Chemist: 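Following this message is one structure expressed as structure tokens.
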Amino acid sequence: MRELGRRLARLLLPGDLVLLTGELGAGKTTLTRGLGEGLDVRGAVTSPTFVIARVHPPLGDGPPLVHVDAYRLGGGLEEMEDLDLDVSLPESVVVVEWGEGKVEELSEDRLHVVIERSVGSETAGGAEDGAGDGAGDGSGEDARTVTVTGVGGRWADQDLSVLAEPGENG
């Protein structure tokens, strides 16, 4: 998941909105960690579950990463408006975990990333991958299927098959 985040970061530009969907422990935060590495941002990318949002400024010329966890937010865009994501979006890459059905109105152009994992799969160490924190590192036997879908003109001509691991088909 982390490597996928690094590959995805190469495609992202300021103003991009990325929605991450997947159950607890699917690897949403780990993917975002890879995005942070790929975007070369400051600070450790950790789950913002209790603070709702974190901003990671760039170390170089790239965009800041705004990492949002909408898990605890029940409402739609109204509840998200307090975070001023619409102000941050034009100059940042905004990643929203659990954002489906809550933040689509922020941008006509967005990337949906759906992560599915084998429920109950165990890693080589015998523990659930990322148990409890949603931060599975993808290093164990826990298989994931990731579907990336671009919405809007920004993604219409983008070749997302570059995200596939070598040897995989698009």
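Model, not experiment: these values are computed from the prediction. Any value given below was found using the heavy atoms of this structure, including those in side chains, with hydrogens, waters and symmetry copies removed.
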Chemist: How many angstroms lie between CG in Leu17 and CG in Leu106, if you round to the nearest 0.5 Å?
Modeler: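 One gets 6.0 Å once the value is rounded to the nearest 0.5 Å.
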Chemist: Do we see a donor-acceptor contact under 3.5 Å between the side chains of Thr46 and Arg54?
Modeler: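 The criterion, which ignores hydrogens and geometry beyond distance, is satisfied for Arg54 and Thr46.
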Chemist: Looking at Glu104 and Arg110, does any basic side-chain N land under 4.0 Å from a carboxylate oxygen?
Modeler: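 Looking at Glu104 and Arg110, the cut-off is not met.
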Chemist: Hey, is Arg144 close enough to Glu116 for a salt bridge, meaning N to O under 4.0 Å?
Modeler: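 Salt bridge between Arg144 and Glu116, a charged N being under 4.0 Å from a carboxylate O: no.
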Chemist: Can you find a pair of side-chain heavy atoms, one from Val18 and one from Leu12, that are under 4.5 Å apart?
Modeler: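 Of all side-chain heavy-atom pairs linking Leu12 with Val18, at least one is under 4.5 Å.
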Chemist: Is it true that a side-chain atom of Asp40 and a backbone atom of Leu59 form a donor plus acceptor pair closer than 3.5 Å?
Modeler: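 No, the answer is negative, given that no donor and acceptor are paired below the 3.5 Å cut-off.
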Chemist: Would you say the side chain of Leu39 lies within less than 4.5 Å of the side chain of Val93, judging by non-hydrogen atoms?
Modeler: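 Yes. Closest side-chain heavy atoms under 4.5 Å.
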Chemist: So if you build clusters from Ile, Leu, Val, Met, Phe, Trp, Tyr with side-chain heavy-atom gaps below 4.5 Å, do Leu160 and Ile115 land together?
Modeler: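 Linked within one cluster.
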Chemist: Taking C-beta and beyond as the side chain, do Thr32 and Leu65 meet within less than 4.5 Å on heavy atoms?
Modeler: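 A side-chain contact exists here, since the closest heavy-atom pair is under 4.5 Å.
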Chemist: If we only count heavy atoms from C-beta on, is the Val148 to Leu111 side-chain gap below 4.5 Å?
Modeler: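 Touching, per the 4.5 Å side-chain cut-off.
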Chemist: Is there a side-chain contact between Val95 and Leu35 (heavy atoms, below 4.5 Å)?
Modeler: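 Val95 vs Leu35: side chains touch.
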Chemist: Quick one: does Val96's side chain get under 4.5 Å of Leu20's, heavy atoms only?
Modeler: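 Of all side-chain heavy-atom pairs linking Leu20 with Val96, none is under 4.5 Å.
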Chemist: Find out whether Val103 and Leu19 are in side-chain contact, i.e. whether some heavy atom of one side chain is under 4.5 Å from a heavy atom of the other.
Modeler: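 The answer is yes, as the side chains (C-beta and beyond) meet within the 4.5 Å cut-off.
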Chemist: Do Val146 and Val114 come close enough that some side-chain heavy atom pair is under 4.5 Å?
Modeler: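 No, too far: nothing below the 4.5 Å cut-off.
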Chemist: Rounded to the nearest 0.5 Å, what's the gap from CD on Glu3 to CG on Leu31? Could you check?
Modeler: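 These two atoms lie 10.5 Å from each other.
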Chemist: Check whether any side-chain N or O of Lys28 sits under 3.5 Å from a backbone N or O of Trp98 as a donor-acceptor pair, and report yes or no.
Modeler: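 Checked: no pair found.
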Chemist: Does a side chain donor of either Asp159 or Ser161 reach within less than 3.5 Å of an acceptor in the other side chain?
Modeler: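 Yes, because at least one side-chain N or O of Asp159 sits under 3.5 Å from a partner of the opposite role on Ser161.
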Chemist: Ignoring hydrogens and angles, tell me if any N or O in the side chain of His56 forms a donor-acceptor pair with the backbone of Arg42 under 3.5 Å.
Modeler: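 Such a contact is found between His56 side chain and Arg42 backbone.
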Chemist: Counting distance only, does the side-chain N/O of Asp69 pair as donor-acceptor with the main-chain N or O of Ser47 below 3.5 Å?
Modeler: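 Side chain of Asp69 to backbone of Ser47: no pair is present.
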Chemist: Can you tell me how far apart CG (Leu11) and CH2 (Trp155) are? Round to the nearest 0.5 Å.
Modeler: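 Answer rounded to 0.5 Å: 5.5 Å.
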Chemist: Using 0.5 Å steps for rounding, measure from the CG atom of Leu163 to the CD atom of Gln158.
Modeler: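 If I round to the nearest 0.5 Å, the distance is 8.0 Å.
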Chemist: For Glu97 and Thr29, work out which heavy atoms get closest and say how close.
Modeler: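 Between these two residues, the closest heavy atoms are OE2-OG1, 2.8 Å.
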Chemist: Give a yes or no on this: more than 12 heavy atoms of other residues, nucleotides or ligands lie within 6.0 Å of atom CD of Glu108.
Modeler: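 No, not enclosed.
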Chemist: So, Ser92 side chain and Val94 main chain: donor-acceptor pair closer than 3.5 Å or not?
Modeler: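 Not at all, since once roles are kept as given, no pair shorter than 3.5 Å links the two residues.
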